Peer 1: 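The structure follows.
Proteins get letters first, then strands, A, B, ... in listed order; numbering begins at 1 in each. What you are looking at is a predicted structure, and each value in this text was computed from that prediction instead of being measured.
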Number of protein chains: 2
Amino acid sequence: MKTKAQHDEDTVEQGPLGTRERIVRTASRLMQRQGYEASGVKQISQEAGATLGSLYHFFPGGKQQLAAEAIRHGDREFADILGEMLDSRPDPAGAIDDCAVALAEGLHASAWLDGCPVTATALGAAGHLPDIQRAAAEAFQRWRELVYEKLRGAGIAEDEARELASTVISTLEGAEMAAQVARSEEPLRAAGRQLARLINSYR
Amino acid sequence: MKTKAQHDEDTVEQGPLGTRERIVRTASRLMQRQGYEASGVKQISQEAGATLGSLYHFFPGGKQQLAAEAIRHGDREFADILGEMLDSRPDPAGAIDDCAVALAEGLHASAWLDGCPVTATALGAAGHLPDIQRAAAEAFQRWRELVYEKLRGAGIAEDEARELASTVISTLEGAEMAAQVARSEEPLRAAGRQLARLINSYR
DNA sequence: GTCTATAAAGGGATAGAC
DNA sequence: GTCTATCCCTTTATAGAC
């Protein structure tokens, strides 16, 4: 016999989500598109199909607590995708280029609305909302580490791999923002090609 | 005999600024730090030493018009700095690395508050405030062109210079955001070194 | 051009019935 | 856990005296 929680953990990803999870996902998506300040708790609860009372039941810390959880959700979401892309081919340069192209196509498909799930929220909170800033810093750090391990596995030395991984994430972040603002895939496609060249220069 | 406007144009940059200019500069600085939504018109007028009536006198289009002008101000401000840095030494790789270091030190000196003067505002407006998005797109385009010309002057071919310039701006943007969130100069310093290496690989 | 006051709407958060 | 109603505050924007 399983408890409900155990059943939910086993469930791969489909089926009716719990209220708390629906709220987190809705908050993550809205803040990704609009940023922290522009995403109201009323809007979030409405679009999540929950009531304001439920939102404050699960998140007594209010909007700040919810935003921090939303960032952690976006963190895991992107880390999963990045991990899969990196595992899908042996050479790191090609994998990163694939990643940039996938980001470009995904952004285009969303009508240039869905940029990085962390950036917009983090920038609105930088400097005066420590919990949110910390969650964002941890997300970037995790993504850098995924790239770092891939580069190490390809035989690149520690110091070089660390600096290179940092630059790969920075460039993808910046290019995604540039692509979103320009409403064009080009900045991301260019970044992918240039990052591949840079990585290959270490072989 | 000169009109007041002609005198102001001649004045290099000091002295008491006009009300309109004070409002634009204050809006630019506040939105750079807090984003579009978090920067209220009351706060802007207060910190600019103006009244709300004056703000709406000069900007009948309200907050949106003011934000677009603030972005154009930040655009010119950064373009001037970037242009000077690029002119200060002949090799583009070293100039870009200098630029990254200068950004890192400036960001650190502002207690990690002053990131890119365009990013925060643009992200909050992407998708539903066309005037602001257009101003941001024009800013990025101008900065890319400055780098492009520098690379062309160093003998890099058109197509390569275009893609490289795009990536340089994307990487600096992304690294500045990463540095701000991590409260560390390292992402920008790493980006500067890696961009220099990438640029030198074209010689 | 500048100022104050105010309108009209929306924000985050809470209380208490169910 | 869920729902509704409401409090209190701030927001953008306007009106009209000076």
Peer 1: Expressed in angstrom and rounded to an integer, what is the separation of A:Q46 atom CD from D:dT4 atom P?
Peer 2: 11 Å
Peer 1: With the side chain of A:S54 defined as its heavy atoms from C-beta on, choose the nearest nucleotide among C:dT2, C:dT14, D:dC3.
Peer 2: D:dC3
Peer 1: Please state how far atom CD1 in B:I44 lies from atom P in D:dT11, giving the value in whole angstrom units.
Peer 2: 11 Å
Peer 1: Distance check needed: C:dA13 C1' versus A:L66 CG, whole Å only.
Peer 2: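 Rounding to the nearest Å, CG of A:L66 and C1' of C:dA13 are 14 Å apart.
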Peer 1: State which of C:dT4, C:dG12, D:dT14 makes the closest approach to the side chain of A:Y56.
Peer 2: C:dG12
Peer 1: CG of B:L55 versus C1' of C:dA5: gap in Å, rounded?
Peer 2: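 Interatomic distance, CG of B:L55 to C1' of C:dA5: 17 Å.
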Peer 1: Please list every donor-acceptor pair under 3.5 Å in which a side-chain atom of residues 100-112 of chain A meets a protein atom from a residue at least two apart or in another chain.
Peer 2:
| residue | atom | partner | partner atom | Å |
| --- | --- | --- | --- | --- |
| A:H108 | ND1 | A:E185 | OE2 | 2.8 |
| A:S110 | OG | A:L107 | O | 2.8 |
| A:S110 | OG | A:L113 | N | 3.2 |
| A:S110 | OG | A:D114 | N | 2.9 |

Peer 1: Judged by each residue's nearest nucleotide on DNA chain C, which is more toward the 5′ side, A:V41 or A:G53?
Peer 2: A:V41
Peer 1: For A:I96, is there any backbone N or O sitting under 3.5 Å from a side-chain donor or acceptor partner on A:K150?
Peer 2: no
Peer 1: Under the 3.5 angstrom rule, does the side chain of A:Q32 hit a backbone N or O of A:G115 as a donor-acceptor pair?
Peer 2: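 Yes.
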Peer 1: Output the rounded distance in Å from CG (A:L52) to C1' (D:dA5).
Peer 2: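 Those two atoms, CG and C1', are 11 Å apart.
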Peer 1: The side chain of B:T51 lies closest to which of these nucleotides: D:dC3, C:dT4, C:dG12?
Peer 2: C:dT4
Peer 1: Rounded to the Å, how far apart are B:Q34 CD and D:dT11 C1'?
Peer 2: 14 Å
Peer 1: Would a distance-only check, ignoring hydrogens and angles, find a side-chain to backbone donor-acceptor pair under 3.5 Å from B:T171 to B:V168?
Peer 2: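 No, because the side chain of B:T171 does not come within donor-acceptor range (under 3.5 Å) of the backbone of B:V168.
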Peer 1: Is A:S39 touching bases, backbone alone, or none of the nucleic acid, heavy atoms closer than 4.0 Å?
Peer 2: sugar-phosphate
Peer 1: Taking the side chain from A:S166 and the backbone from A:R162, do they hold a donor-acceptor pair closer than 3.5 Å?
Peer 2: no
Peer 1: Looking only at side-chain atoms of A:K42, point me to the closest of C:dG11, D:dT11, C:dT4.
Peer 2: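 Shortest atom-to-atom distance from the side chain points to C:dG11.
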Peer 1: Backbone N or O of A:V181 within a donor-acceptor pair of the B:Q133 side chain at under 3.5 Å?
Peer 2: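 Between the backbone of A:V181 and the side chain of B:Q133 there is a qualifying donor-acceptor contact (under 3.5 Å).
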Peer 1: Can you tell me which nucleotide in C:dT2, C:dA13, D:dT2 comes closest to the side chain of B:F58?
Peer 2: C:dT2
Peer 1: When you compare the side chains of A:Q34 and A:S39, does any donor N or O come within less than 3.5 Å of an acceptor on the partner?
Peer 2: yes
Peer 1: In this structure, how many angstroms lie between the P atom of D:dT12 and the CG atom of B:L30, rounded?
Peer 2: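 Going from CG in B:L30 over to P in D:dT12 covers 12 Å.
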Peer 1: To the nearest Å, how far apart are A:Q64 CD and C:dG11 P?
Peer 2: 17 Å
Peer 1: Can you list, by residue number, the residues of residues 124-135 of chain A that have a non-hydrogen atom closer than 4.0 angstrom to DNA chain C?
Peer 2: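 DNA chain C contact set from residues 124-135 of chain A: none.
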